[in-house]
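Scroll down for the structure; my scribbles are underneath it.
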Amino acid sequence: MSATHPLAFALFGCGRIGRMHGRNIARNSRARLAACHDVNGHAAIELGAELGCRVAKTADEALGDASIDAVFIASTTDTHAELIERSVKAGKAVLCEKPIDLDLGRVDALWRTIAPLDPLLMIAFNRRFDPSFAALKARIDSGEIGKVEIVVMTSRDPALPPPGFITGSGGLFRDFMIHDFDMARHLVGDIAEVTAVGANLIDPSIGEAGDIDTAMAVLRAASGALVHVNASRRCVYGYDQRLEVFGEKGMLQAGNLRPTTVESWGAGGTHAADRVLGGFMQRYDAAYKAELDHFVDCVVKGTKPSSDFAAGREALRIADAAAHSMATGRAVRPG
Ligand SMILES: NC(=O)c1ccc[n+]([C@@H]2O[C@H](COP(=O)([O-])OP(=O)(O)OC[C@H]3O[C@@H](n4cnc5c(N)ncnc54)[C@H](O)[C@@H]3O)[C@@H](O)[C@H]2O)c1
């Protein structure tokens, strides 16, 4: 790879989010989608036809191609660890969807195997790359609000995930709130203690599948800052994603996005605006593109990604602690 040639990608996984990442790669002027692969051959053939890339019948076919620089892993969570290992061993730079795996032991075993190869490996915590959240973080770092004391994070999904998703997902903490846990670490540093409660308030089938649909977590950072995360699998007014950071010299807030900024003010009421953008692909469209740009930058310049393997591991560790806290009713130090 070089700064003058587009980075050649293979995409593993052409499902819901893989298709979106494939389109972003194909439309990025510094990248090119060389190949896509999915164990569901139809999904890969469809995406290959849409984006004009080669369809690899197996992962090895793509990994054995020396002209491919990087792999984007967007397959189901249970395949990430194995595909990371094979891609790194094939000498590819890797951008992998969250979470690395649902089992911390497996994550650590993977790291022991690949660390000696000094991989360029990024975990796709897209929210770090949202323009508003990134600007908020930069302003914290500049000292604008002084020492951070309280963070309030709101994370409410517009609608329940597709049927069957919950069972293999890892649950609300490891699949969904893992984004918030990463954002918490990103903003306030290491997390020393986690307290979490959860409930089934929306759909009994989620409880039957062994998961919760509503949760609150309180994290105590090593710095002393307190972080509150509230999450829901249902939100009738769109995808509610807000951040508030309170410090000794003031507060920073980043709010929701709407399709337009038009508001209606009349005798019947004031301030009626569009619903907030629904769905992660719309809300974080700019973030997914910036995430890809960041990865391309890291490969071209040989720099370390912002959301690296350790970030993926730490977010899972916090999610595990949240699950443990909910089960025991106690505050838990991430193990
Ligand atoms: N960052 C985010 O905002 C975000 C959002 C949604 C999903 N995700 C993550 O992305 C991943 C995929 O989620 P999704 O919603 O697109 O799931 P999906 O089920 O829609 O798609 C997954 C695809 O992977 C394919 N697949 C399974 N095993 C494979 C293998 N060994 N090799 C190649 N392809 C394989 C499946 O056939 C399927 O087409 C999950 O890990 C999920 O946690 C991240």
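Remember, it's 1-based here, ligands and their atoms both numbered in the order they're listed.
- Annotation: side chain of Cys96 is not in contact with side chain of Met122 (no heavy-atom distance under 4.5 Å).
- Distances from ligand 1 to the non-hydrogen atoms of Ala74 include at least one value under 4.0 Å.
- In this structure, Arg283 satisfies the cation-pi test against Phe133, with its NZ or CZ atom closer than 6.0 Å to the six-membered ring centre and inside 45 degrees of the ring normal.
- Arg174 forms no cation-pi arrangement with Phe181, by the criterion of a distance under 6.0 Å to the ring centre and an angle within 45° of the ring axis.
- Ranked by closest heavy atom to atom 41 (O) of ligand 1, the top entry among Asn40, Thr77, Thr79, Thr58 is Thr77.
- Across the listed options Ser75, Gly18, Pro161, Ser75 owns the non-hydrogen atom lying nearest to atom 24 (O) of ligand 1.
- Both the backbone and the side chain of Arg16 come within contact range of ligand 1, each with a heavy atom under 4.0 Å.
- Heavy atoms of His80 come nearer than 4.0 angstrom to ligand 1 in at least one pair.
- Of all heavy-atom pairs spanning Ala70 and Phe295, the tightest one is CB-CE2, 3.8 Å.
- Residues Tyr284 and Glu291 have side chains that never bring a donor and an acceptor to within less than 3.5 angstrom of each other.
- In this structure, Phe165 has no heavy atom closer than 4.0 Å to ligand 1.
- With sequence neighbours excluded, the residues that form a side-chain contact (heavy atoms from CB on, under 4.5 Å) with Thr58 are Asp60, Glu61.
- For atom 17 (O) of ligand 1, the nearest protein heavy atom is 4.0 Å or more away.
- Of all the listed residues (Leu102, Thr76, Leu47, Leu11), Thr76 holds the heavy atom that lies closest to atom 27 (C) of ligand 1.
- Between Phe12 and ligand 1, no N or O atom pair is found at a separation short of 3.5 Å.
- The heavy atom nearest to atom 23 (C) of ligand 1, considering only Asp38, Asp175, Ile17, is found in Asp38.
- Listed for the His80 side chain is a donor-acceptor partner under 3.5 Å among the backbone atoms of Glu97.
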